[in-house]
Each structure stands twice: as C-alpha cells, then as structure tokens.
Student: 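Sharing a structure, written as structure tokens. Questions coming.
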Number of protein chains: 2
Amino acid sequence: MTGSSNYMTIGETAKRCGVATSALRFYEQKGLIHSARVSGNHRRYHRSMIRRIAVIQVAQSLGLSLAEINDALGSLPDQRTPTKKDWERLSADWRDRLDQRINILTKLRDNLSGCIGCGCLSLRRCKLYNPDDIAAESGAGPRFLFD
Amino acid sequence: MTGSSNYMTIGETAKRCGVATSALRFYEQKGLIHSARVSGNHRRYHRSMIRRIAVIQVAQSLGLSLAEINDALGSLPDQRTPTKKDWERLSADWRDRLDQRINILTKLRDNLSGCIGCGCLSLRRCKLYNPDDIAAESGAGPRFLFD
DNA sequence: GATTGACTTAAAGTTAACTTTAACTTTTAT
DNA sequence: ATAAAAGTTAAAGTTAACTTTAAGTCAATC
C-alpha cells in the first residue's frame, strides 16, 4: 500500500464523488468498483476509482442500467487510470447512444411545435387534431409524435 | 351512453393505445384517466381517453413521473377531446423541458467529443486526462462533463 | 483507558411503475 | 344451456437502485 494519498477511505471517496457510502458498497457488491482492505477490514479505494465512479455517473445520466454499465466497464482497466485509448473505446458507444437520444427528443419537440403552430395542412392528416380518431389504423399508441 | 362507438371496453382501449389493461386500471386508480360503468360493472372508456393516454405516454417519455403527469393533466378537460388551446397550454411547459434535456445531452456529447479529439490544450486543465486528480477542488462528482 | 466517530455486515426497507394472482362475475358465442 | 372469453377486485409480487437498520468492530482523539 505505497503512498497513502493514493488510497482513500469510503467516506473520503463518497464525499469526493458526491455519492453515498451505501451506494459505493452497493456498486462494489455489483462488481462495478473495487477496493483494497486494511487490517481492520476497512475499505481503501484507489484514486482511479474516482474516475471510474464518474464514468458510472455519466452512464447513468444516459439512462444505462447498472448491469449495462458493468458490461461497458468490462473494457476499462480496474486498477489503473484509464488511458486515452481506453476512454475512446468506451465513449464511442456512448456517443452513439447520446446521438440517438438527442434525435428522438428533437423529433418529439419538433412534432410538438409543428402541431401547435398550425404547421399542419390537413385536419384529417393531423392526428393530434383528429378528434374522431379516424387514423385508428396507424397502430397502437401515440405514433404521430414518435414517428 | 349515446353511441356505443364512443365508448370502448378496457381491452379495446388497451389494444388501441398499446398498453396493458392492468396499466389502465392502475392509471385510473391514480386518477390519470376515467371511465364510465355499465350494468355489469365493466368499464367503458370514452374515445377521448385515447388521446389522454397518448399524452401520458409522451410525458413519460420526457421522464415525468405519474404524479407530475397527473398535475399537468389537471389543466386538460376530462370528458371531451382537448381543444387546441388546451394542448398549447400543456405542451408549452413540456417543450421547455425537452429543450433543457436536449441541451444537457448535447453538452454532454460535445464534452465527450472535445476530450477525445485532442480538443484540450492542457493536460492540467483537462480534468479527464488529469490522472493525479489535481482538480479536486472543483467539487464532487464528474463536474467536467456536465458544466 | 474511555469516548466518539468511522467503519463493517446482512438483511430489511423504500420507491415508482407497474404486473400477477386468486377468486370471482359478466358477457359472448355456440 | 354451456363453455369460453372478457371482465371485476384487493392484495401480493416484481424490478432496479438504492437506503436504512441493527449489531457489531476499528480508528482517532482526549
């Protein structure tokens, strides 16, 4: 255990990352992060876990489940700071996912706007203003806003 | 109960909207939708509930909780098809929310790209590649990707 | 040494959004 | 009339992502 400043207690790590200690224990149980143990069985997290936890938080903000994040983190090294190449490999996937999310939300926003601003040329075609639901053959659910 | 084609059984409604009957019962319990009852105590949903359920589904895709949706739907009429004005009132709020979501995701994606593509001029300033975590004073969590 | 704060564990609890179960009634089709 | 399908209810169950509890040990400080 060379250099105590490379290792932090669970409380220090939690504070540093803005998560609860219980969450850190939970993540470790799920295999997402790892710790060493000192003679009193207290955890010691390597500094590289800060970055790893940050990556978990980013992935969560993308809507990934912990299981999915665990899969993705399989491509990162456990015990050292990820290199640039490591990060590239991971974030390429996530950028695709982000692009898709942005596209869907943009389309949804545009469809909202279009129907509001009289962008629609036909009351028959505009399903939102089709009060008799004539377009029932289009399929179940609010197709008109997602398609 | 004029015009049986204005009312649908729970099965018909579920199929039409692409949701489960159990979800409809759940939403009704939560007060999000409403039904009439026939002599056998079977539910009958007015056609306007199709649109209302569609709105619920849209709001869910925005990440709103059912409680939040219930609040928002308070501004819509229960027993008739919402007018254009009704819809405008509701969707203005949601468009703001969509804009914010899109902005956050776009910023996140741009930060990912910037760091990958050597957009960063300083290894000290680029927190992602600051392996000794010198920027610890920036606050807890992955600030660099959200700010 | 004594006290307080930080740590440990396993297991139970919380929350939201449903789904399933069990036991029944009603409706539909033959 | 009968059988199958569709409907009813209350309550229990599921899931993911945690948090809290209960009961203890360890570490730091006086």
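Numbered from 1 within each chain, the chains take letters A, B, ... in sequence-line order.
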Student: Over how many whole Å does the gap from B/Q29 atom CD to D/dA11 atom C1' extend?
Tutor: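 Rounded to whole Å, this separation is 11 Å.
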Student: Please report the distance, rounded to the nearest Å, between CG in A/L24 and P in C/dA6.
Tutor: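 Taking atom P of C/dA6 as the reference, CG of A/L24 is at 16 Å.
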Student: For A/E68, enumerate each residue passing the salt bridge (Lys or Arg N to Asp or Glu O under 4.0 Å) test, keeping only those at least two apart in sequence or located in another chain.
Tutor: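 With neighbours one apart ignored, the set is A/R97.
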Student: Got A/Q57 and A/V19 here, is their nearest side-chain heavy-atom distance under 4.5 Å?
Tutor: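 The answer is yes; the side chains approach within 4.5 Å.
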Student: Any chance you could list the contact pattern along nucleotides 1-9 of chain D? Use B for base contacts, S for sugar-phosphate-only contacts and - for none, protein heavy atoms under 4.0 Å, 5' to 3'.
Tutor: ------SBB
Student: List in chain and number order the residues that pass side chain to side chain contact (heavy atoms under 4.5 Å, CB included) with A/D99, two or more places apart in sequence or in another chain; answer none if no residue qualifies.
Tutor: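 Applying side chain to side chain contact (heavy atoms under 4.5 Å, CB included) to A/D99 gives A/R95, B/R109.
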Student: Indicate yes or no: at least one non-hydrogen side-chain atom of A/Y45 is less than 4.5 angstrom from one of A/I53.
Tutor: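 Sidechains of A/I53 and A/Y45: no contact.
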Student: Are the side chain of B/R52 and the backbone of B/L32 linked by a donor-acceptor contact shorter than 3.5 Å?
Tutor: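 Flag set: sc B/R52 to bb B/L32 pair under 3.5 Å.
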Student: Name the residue from A/T9, A/T13, A/I10 that meets the side-chain contact (heavy atoms from CB on, under 4.5 Å) definition with A/R44.
Tutor: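 Among A/T9, A/T13, A/I10, the one meeting side-chain contact (heavy atoms from CB on, under 4.5 Å) with A/R44 is A/T9.
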Student: Starting from P on D/dT19, measure out to NZ on A/K30 and report it in whole angstrom.
Tutor: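 Rounding to the nearest Å, NZ of A/K30 and P of D/dT19 are 13 Å apart.
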Student: Run the side chain to side chain donor-acceptor pair (under 3.5 Å) test against A/N41 and tell me which residues pass, sequence neighbours left out.
Tutor: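 Applying side chain to side chain donor-acceptor pair (under 3.5 Å) to A/N41 gives A/R37.
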Student: Are there any protein N/O atoms within less than 3.5 Å of an N/O atom in nucleotides 2-4 of chain C, and if so, which ones and at what distance?
Tutor:
none

Student: To the nearest angstrom, how far is B/I56 atom CD1 from C/dC18 atom C1'?
Tutor: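 After rounding, the gap between these two atoms is 14 Å.
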Student: Would you check if B/W94 and B/V55 make a side-chain contact, meaning some heavy-atom pair closer than 4.5 Å?
Tutor: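 With C-beta onward as the side chain, the pair touches.
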Student: Given A/L98, which of A/L62, A/D93, A/N103 fulfils the side-chain contact (heavy atoms from CB on, under 4.5 Å) condition?
Tutor: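 Only one of A/L62, A/D93, A/N103 forms a side-chain contact (heavy atoms from CB on, under 4.5 Å) with A/L98, namely A/L62.
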Student: With A/Y7 as reference, evaluate A/H46, A/E12, A/M49 under the side-chain contact (heavy atoms from CB on, under 4.5 Å) test and give the passing residue.
Tutor: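 Passing option: A/H46.
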Student: Check nucleotides 15-17 of chain D against the protein and report each pair of N or O atoms closer than 3.5 Å, with its distance, or say if there are none.
Tutor:
from: D/dA17; atom 1: OP1; to: A/L66; atom 2: N; distance (Å): 2.9

